[in-house]
Asker: 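This is the structure I have questions about; it appears just below.
The model shown is predicted, which means the values in this text are computed figures rather than measured ones. Side chains are part of it too, since the values below use all heavy atoms of this structure and drop only hydrogens, waters and symmetry mates.
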Amino acid sequence: MLMTKLKSKEAISSLIDGTVFIINCHGCKEVGFPEEEAKQLQQELAAGGKVVGVLTTDYICNPENMKLRLRSHLAQIAEADAVLVFSCGVGVQTVAAYLEDQKVYAACDTVALPGFQGVTPLNYDCGQCGECFLNLTGGICPITACSKSLVNGPCGGTKSGKCEVDPSMECGWERIIQRLKAQGRLDILRCPAKMHDFNTDEATKSRKES
């Protein structure tokens, strides 16, 4: 269970170049989900003719459940220029892994939630960074997919796409690069200034201190 807050309107608008299919996840809304703010923003996007479809469900972080829910919406998703996901970072990563050829964007930031949060068998984890970088990295988290949590690219130790810390693990940055290359979006990594500021982000400092 994670807490989310909506990204700024400016940040979300900068992602939208055409139409979007919207996915809302309400699985953990009892913990923290910006439901009213998200609804208002989505109404504005729909009024502007930007939305081709909406799916509101729960626990999109569960891959099997998410696949079943999306099955009847695949035609709309193919029609859209991007998929805009209103959920925590785990949900965004799950959707991005399933829709590998589609641009999948996070509309929310996941904020630090102190204390024990339970144990789940999910495939993805969220670092609760306070400012989600999934929009710069093809829906693959550089914090949790990399053993060293590097935010500026792969280290010099990666070999044949494997991590030097854990050779059985795929290099997170190799995955990011290949995903963006397949989508024709490698240029997004030329100067990811936001990622260079990662260690000075106030929310990240708070997370480290908690």
Side-chain angles (χ1 to χ4, degrees), residues 2 4-7 11-25 27-28 33 38 52-55 57 59-67 69-71 73-74 76-111 120 122-147 149-154 161 163 169-190 192 194-195 198:
L2 302 173
T4 56
K5 64 179 181 180
L6 203 64
K7 286 181 176 291
I12 294 174
S13 297
S14 70
L15 301 171
I16 302 174
D17 183 18
T19 58
V20 295
F21 182 88
I22 290 174
I23 299 177
N24 291 305
C25 180
C28 296
F33 179 77
V52 300
V54 179
L55 169 63
T57 183
Y59 298 106
I60 63 173
C61 57
N62 182 313
E64 295 306 316
N65 174 64
M66 189 268 301
K67 288 179 184 179
R69 299 287 188 181
L70 286 180
R71 185 174 295 172
H73 298 277
L74 291 178
Q76 289 177 306
I77 291 172
E79 178 187 342
D81 295 300
V83 175
L84 191 59
V85 183
F86 291 78
S87 79
C88 72
V90 180
V92 179
Q93 291 176 78
T94 304
V95 173
Y98 182 58
L99 303 175
E100 289 188 357
D101 298 327
Q102 180 62 282
K103 297 175 184 175
V104 176
Y105 294 130
C108 299
D109 290 320
T110 305
V111 298
T120 71
L122 301 177
N123 294 331
Y124 304 101
D125 193 11
C126 177
Q128 302 172 36
C129 305
E131 185 172 1
C132 188
F133 294 113
L134 291 171
N135 297 335
L136 294 171
T137 56
I140 298 172
C141 178
I143 309 301
T144 59
C146 170
S147 295
S149 294
L150 299 178
V151 295
N152 297 324
C163 172
M169 175 182 173
E170 285 187 273
C171 170
W173 271 100
E174 180 67 18
R175 291 172 54 211
I176 290 170
I177 291 169
Q178 292 305 319
R179 172 73 59 81
L180 291 175
K181 183 178 180 180
Q183 294 181 356
R185 299 172 59 213
L186 264 180
D187 60 322
I188 201 172
L189 293 180
R190 285 183 178 177
K194 282 286 187 181
M195 297 180 72
F198 177 78

Asker: Identify the two heavy atoms, one from Gly130 and one from Lys5, that lie closest to each other, and give their separation to 0.1 Å.
Answerer: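 Nearest pair, atom of Gly130 first, then Lys5: O-CE, 3.8 Å.
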Asker: Donor-acceptor pair, distance only, cut-off 3.5 Å: does the side chain of Arg179 make one with the backbone of Gly138?
Answerer: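 At least one qualifying donor-acceptor pair exists.
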Asker: Can you give me every donor-acceptor pair (side chain of residues 83-100, partner residue at least two apart or in another chain, under 3.5 Å) with its distance?
Answerer:
from, atom 1, to, atom 2, distance (Å)
Ser87, OG, Val92, N, 3.4
Gln93, NE2, Gly89, O, 3.1
Gln93, NE2, Asp125, O, 2.9
Thr94, OG1, Val90, O, 2.9

Asker: Strictly distance-based, threshold 3.5 Å: is any side-chain N or O of Ser149 a donor or acceptor partner for the main-chain N or O of Ile143?
Answerer: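 Yes, because the side chain of Ser149 sits within donor-acceptor range (under 3.5 Å) of the backbone of Ile143.
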Asker: With a 4.5 Å limit on heavy-atom distance, are the side chains of Glu64 and Asn62 in contact?
Answerer: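 Yes; the side chains approach each other to less than 4.5 Å.
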Asker: With heavy-atom distances below 4.5 Å as the criterion, would you say the side chains of Ile177 and Leu189 are in contact?
Answerer: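 The answer is yes, as the side chains (C-beta and beyond) meet within the 4.5 Å cut-off.
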Asker: Do Leu55 and Ile22 come close enough that some side-chain heavy atom pair is under 4.5 Å?
Answerer: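 Result no, sub-4.5 Å side-chain heavy-atom pair not found.
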Asker: What distance separates Ile23 CD1 from Met66 CE, expressed to the nearest 0.5 Å?
Answerer: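 Rounded to the nearest 0.5 Å, the CD1-CE separation comes out at 7.5 Å.
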Asker: For residues Thr137 and Pro142, report the shortest heavy-atom separation together with the two atoms involved.
Answerer: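 Thr137 and Pro142 have their closest heavy atoms at OG1-CD, 3.8 Å.
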Asker: For Lys7, does the NZ atom have more than 12 heavy-atom neighbours from other residues, nucleotides or ligands under 6.0 Å away?
Answerer: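 Yes.
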Asker: I'd like to check Asp109 versus Leu6 (side-chain heavy atoms, cut-off strictly below 4.5 Å). Are they in contact?
Answerer: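 Asp109 does not reach Leu6 side chain to side chain.
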Asker: If you measure from CD1 on Ile140 to CD on Glu170, what distance do you get to the nearest 0.5 Å?
Answerer: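 Going from the CD1 atom of Ile140 to the CD atom of Glu170 covers 9.0 Å.
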Asker: Atom CD1 of Ile60 and atom CZ of Arg69: how far apart are they, to the nearest 0.5 Å?
Answerer: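 With rounding to 0.5 Å, CD1 (Ile60) is 11.5 Å from CZ (Arg69).
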Asker: Closest approach of Gln102 and Asp81, non-hydrogen atoms and distance?
Answerer: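 Closest heavy-atom pair between Gln102 and Asp81: OE1-O, 3.2 Å.
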Asker: When you compare the side chain of Thr110 with that of Cys129, does any pair of heavy atoms fall below 4.5 Å?
Answerer: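 Side-chain contact under 4.5 Å: no.
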Asker: Do Trp173 side-chain atoms and Asn152 backbone N/O form a donor-acceptor pair below 3.5 Å?
Answerer: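 Flag not set: sc Trp173 to bb Asn152 has no pair under 3.5 Å.
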Asker: How long is the straight-line distance from CG of Leu186 back to CD1 of Ile176, given to the nearest 0.5 Å?
Answerer: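 Atom-to-atom, Ile176:CD1 and Leu186:CG are 11.5 Å apart.
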Asker: According to ring pair (Phe, Tyr, Trp, His ring centres under 6.0 Å), who are the partners of Phe21, at least two apart in sequence or on a separate chain?
Answerer: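 Expected list: His73.
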Asker: If every non-hydrogen atom of Val52 is compared with every non-hydrogen atom of Gln76, which pair is closest and at what distance?
Answerer: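 Heavy atoms of Val52 and Gln76 come nearest at O-NE2, 3.1 Å.
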Asker: Would you name the heavy atoms of Ala107 and Ile12 that are closest together and state the gap between them?
Answerer: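 Smallest heavy-atom distance, with atoms named: O-CD1, 3.7 Å.
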Asker: How long is the span from the CD atom in Glu174 to the SG atom in Cys163, to the nearest 0.5 Å?
Answerer: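 The SG atom of Cys163 is 12.0 Å from CD of Glu174, to the nearest 0.5 Å.
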Asker: First locate atom NZ of Lys181, then atom CG of Asp187, and finally report the distance between them rounded to the nearest 0.5 Å.
Answerer: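 The distance works out to 14.0 Å.
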